[in-house]
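What you see is a predicted model, and the numbers here were worked out from it, not measured in a lab. In what follows, every chain begins at residue 1, and chains take the letters A, B, ... in the order their sequences are listed.
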Amino acid sequence: MAERAGAAPRIAVHAEPEGPVLVQHLDELGVPLGPVSAVEASALSELDRRAPRWVWRNPRTYRALLARGARLTRAHDVELVEGLLVAAAGRFGAPHGLAAAAARLAGLPEEPDPAPDDSWDEPPGLFRSAAPPAAETLAAVVEVHAAQRKALAGDSRLAMLAAAESAGGIVAEEMRAEGLPWDAAVHDALLTEALGPRPAGFARPEKLTALAAEIDAAFGRPLNPDSPAEVLRAFARAGFEVPNTRNWVLKRIDHPGVAPLLAYKELARLHAAHGWAWLRTWVHDGRFRPEYVVGGVVSGRWATRGGGALQIPKAVRAAVRADPGNKLVVADAAQLEPRILAAMAGDTALARAGGRGRDSDLYAGLAAEMFGPDAEDGRAKAKLAVLSAIYGQTSGDAGVHLALLRRRFPASVEVVESAARDGEEGRIVRSWLGRTSPPARPGDEAPARARARGRFTRNFVVQATAAEWALILLAELRSALHRAGDPAALVFFQHDEVLLHGPADGAADAAELVQAAADTATRTLFGDTPVRVPMPAEPVDSYAEK
DNA sequence: CACCAACAACGG
DNA sequence: TGCGCCGTTGTTGGTG
């Protein structure tokens with residue numbers, strides 16, 4: 001992970017789903033050393049032994065290489081890095097595709113980024129505009145990369161972020177290629193148990209039909225339970241004026257329709273979002289393959305496109321099962337954001353309260369520190385105080401507890417409050433490595449908007465730095481697994497949680513590597529810090545066991 | 001018919 | 001005083 005300044009050879013590579021694989025050797029700065037040549041994918045693995053940094057257009061380039069069997073170690077991803085650089089220049093969201101970046105260098109008008117599409121994997125169709133010749137694309141990659149090298153040269157943290165973001169692209173494509181093991185039979189059985197047998201066509205499952213009838217009976221007239229407006233009107237007629245039909249609002253109403261309605265909503269959600277249609281669309285050959293969008297969220301968290309991979313409900317996690325003879329290793333970082341805040345602030349007291357053991361509970365430690373070891377509801381109050389600091393909540397008792405937190409841990413609270421002031425006053429903020437927030441927009445100086453922006457920038461510095469930690473964790477874990485002879489493969493990542501999948505006899509080794517990678521990530525970002533991020537990893541047969 | 005905003009629920 | 005951050009997906013109910 002750590003960048004040995006200037007040590008790695010650089011090789012530009014370009015590939016598309018069809019057509020040749022092109023490479024060009026570069027010097028330290030990214031200037032071409034030789035001609036463009038067409039090579040076999042197998043030659044790339046050979047070249048990779050020289051530990052180069054591959055320079056490519058975007059994660060899809062690596063997808064095309066993976067499809068040809070080339071597994072490469074590290075990269076500089078020109079389009080991901082361009083996104084970081086335009087934001088750092090105060091132009092968050094400006095076009096950062098290869099065409100736009102090349103146009104900027106040439107002093108030409110920026111081309112808008114192409115819309116994300118799914119046609120890339122398909123052969124060019126009748127209505128698809130012809131792609132530029134591969135050699136031309138590679139030349140643009142080389143040119144833009146050289147400019148990016150210069151832009152990163154004076155900023156070692158941003159250079160580290162560029163490397164980490166690029167590594168994220170690699171991990172994302174490898175996880176997609178590997179796929180999350182998904183047992184369709186278990187999923188189907190679970191749906192049948194909850195909803196009744198799979199109905200033909202678009203019919204409503206029988207359990208939903210039965211509940212809808214109960215709801216009708218309770219209100220004395222037919223009612224579409226899927227329509228919030230109708231539900232609201234029905235309760236109003238029964239004498240209950242409520243602001244919306246959220247679960248926690250309905251729960252407080254004393255009316256016979258509430259129980260069947262809540263049951264209906266829960267099952268209808270399961271059916272609509274993760275029912276048989278989802279299963280048929282997204283699970284093939286025992287694998288769910290979401291498309292991860294690295295850096296897809298303002299804070300640098302990943303997004304996904306298709307299948308809702310970052311919202312797999314607990315209710316269907318039993319379907320995520322290791323193959324026979326294999327195990328899943330499930331690990332999540334404990335209370336990541338407050339620990340990241342402590343590290344950013346150099347807050348030894350908060351670090352100590354967070355503990356160092358694998359089962360350390362930061363909120364419990366904090367409660368002992370803030371309210372004494374035996375205080376009633378101490379943990380809940382401490383948690384509320386921390387969330388108030390990180391999210392900007394001030395309602396209820398949050399403000400009181402936050403004030404106490406400020407007295408005990410002034411360094412940490414100052415980090416977020418300073419970010420909140422920056423946001424409220426219209427300034428941009430940056431994460432630890434320099435991911436840059438969007439600038440204020442016209443109208444943000446209005447008081448309510450300014451406070452909302454303060455909450456956003458307050459959260460941004462912590463969430464974005466936590467996302468950086470997670471990126472480095474992934475990169476480190478990937479290479480540690482590789483060094484250990486691949487006892488398991490990364491198959492899923494969700495903000496602060498990873499899933500590995502591999503032979504049962506390697507699961508214990510894989511689990512060990514997770515905590516080691518977490519420690520490396522912490523040191524890589526923050527150097528010698530008293531903060532530790534526990535990341536307990538557990539070998540299981542099913543995701544539901546965690 | 002295509003498009004869009006509001007709502008609601010899931011995840012972190 | 002009033003204030004919880006970041007997302008994706010599907011349905012309803014309206015618009016042009």
Side-chain angles (χ1 to χ4, degrees), chain A residues 116 202 204 208 223-233 242-250 261-262 264-275 277-278 281-282 290-293 295-317 320 332-338 340-341 383-399 401-402 416 419-420 423-424 429 431 435 437-438 446-467 469-470 492-498 543:
Chain A
F202 293 98
R204 201 186 235 176
L208 285 180
L223 169 66
N224 176 9
D226 290 318
S227 165
E230 272 193 54
V231 171
L232 228 47
R233 281 196 294 273
V242 284
N244 55 53
T245 63
R246 298 219 155 87
N247 271 327
W248 65 274
V249 170
L250 297 185
L261 187 55
L262 291 175
Y264 178 93
K265 279 157 66 89
E266 185 180 343
L267 293 181
R269 163 81 191 184
L270 175 65
H271 180 237
H274 287 90
W278 183 93
T281 307
W282 294 109
E291 172 157 14
Y292 295 96
V293 186
V297 178
V298 286
S299 62
R301 281 182 167 187
W302 294 8
T304 55
R305 198 162 48 226
L310 301 185
Q311 302 104 246
I312 300 170
K314 300 214 159 80
V316 303
R317 290 186 180 184
V320 181
D332 67 308
Q335 300 112 20
L336 179 60
E337 292 191 354
I340 290 295
L341 175 58
K383 184 173 178 176
L384 184 59
V386 169
L387 296 183
S388 307
I390 294 177
Y391 294 149
Q393 182 178 354
T394 56
S395 60
D397 292 332
H401 300 318
L402 178 54
V416 284
E424 286 199 32
V429 294
S431 68
R435 193 183 299 271
S437 73
R449 292 268 296 272
R451 282 188 293 273
R453 188 171 154 77
R455 287 194 297 279
F456 167 70
T457 51
R458 167 194 293 269
N459 184 254
F460 179 93
V461 294
V462 180
Q463 190 181 113
T465 304
W469 182 92
F492 189 61
F493 166 63
Q494 172 168 242
H495 309 313
D496 58 1
E497 179 179 21
V498 296
Y543 192 17

J.: Using a 3.5 Å distance criterion without hydrogens, assess whether the side chain of A:Asn459 forms a donor-acceptor pair with backbone atoms of A:Ile390.
T.: yes
J.: Check every nucleotide of DNA chain C for an atom under 4.0 Å from a heavy-atom of chain A, then give the first and the last such nucleotide from 5' to 3'.
T.: C:dG2 to C:dG13
J.: Checking A:Arg301 now: which residues fulfil salt bridge (charged side-chain N to carboxylate O under 4.0 Å, His left out) with it, not counting sequence neighbours?
T.: A:Glu337
J.: Which of residues 447-455 of chain A have a heavy atom under 4.0 Å from DNA chain C?
T.: A:Arg451, A:Arg455
J.: With sugar-phosphate meaning primed atoms plus P, OP1 and OP2, does A:Val298 contact a base, only sugar-phosphate, or nothing at under 4.0 Å between heavy atoms?
T.: sugar-phosphate
J.: Taking A:Arg305 for the side chain and A:Tyr292 for the main chain, is one N or O donor matched with an acceptor at less than 3.5 Å?
T.: no
J.: Remember a base hit wins even if backbone is also touched, and classify A:Thr245 as base, sugar-phosphate or nothing at under 4.0 Å, heavy atoms.
T.: sugar-phosphate
J.: State whether the side chain of A:Thr457 and the backbone N or O of A:Gly454 hold a donor-acceptor pair below 3.5 Å, judged by distance alone.
T.: yes
J.: Does A:Phe492 have any ring pair (Phe, Tyr, Trp, His ring centres under 6.0 Å) partners at least two apart in sequence or in another chain, and if so, which?
T.: none
J.: Report yes or no: does A:Lys265 contribute a side-chain atom to a donor-acceptor pair with the main-chain N or O of A:Thr245 at less than 3.5 Å?
T.: yes
J.: Which part of the nucleic acid, if any, lies within reach of A:Thr394 when heavy atoms closer than 4.0 Å are counted: base, sugar-phosphate only, or nothing?
T.: base
J.: Would you please name every residue forming a salt bridge (charged side-chain N to carboxylate O under 4.0 Å, His left out) with A:Arg435, sequence neighbours left out?
T.: A:Glu165
J.: Can you pull out the residues from residues 307-317 of chain A that lie within a 4.0 Å heavy-atom distance of DNA chain B?
T.: A:Leu310, A:Gln311, A:Ile312, A:Pro313, A:Lys314, A:Arg317
J.: Hey, is the main chain of A:Val429 close enough, under 3.5 Å, to the side chain of A:Ser437 for a donor-acceptor pair?
T.: yes
J.: Is a side-chain donor or acceptor of A:Trp469 paired with a backbone partner of A:Ile340 at a separation under 3.5 angstrom?
T.: no
J.: For the pair made of CG in A:Leu270 and C1' in B:dA9, what is the distance, rounded to whole Å?
T.: 12 Å
J.: If I take atom CG in residue A:Leu261 and atom P in nucleotide B:dA8, what distance separates them, rounded to the nearest angstrom?
T.: 11 Å
J.: Check this one for me: any side-chain N or O of A:Lys265 less than 4.0 Å away from OP1 or OP2 of B:dA9?
T.: yes
J.: Which whole-number value in Å describes the distance from A:Trp469 CH2 to B:dG12 C1'?
T.: 14 Å
J.: Side chain of A:Ser431, backbone of A:Val461: donor and acceptor closer than 3.5 Å?
T.: no
J.: Counting only N and O atoms by type, is there a donor-acceptor contact under 3.5 Å from the side chain of A:Glu424 to the main-chain atoms of A:Arg451?
T.: no
J.: Rounded off to whole Å, could you give me the CG-to-C1' distance for the A:Leu336 and B:dG12 pair?
T.: 10 Å
J.: Using whole Å, report how far CG of A:Asp332 lies from P of B:dG12.
T.: 9 Å
J.: In whole angstrom, what separates A:Asn247's CG from B:dC7's P?
T.: 16 Å
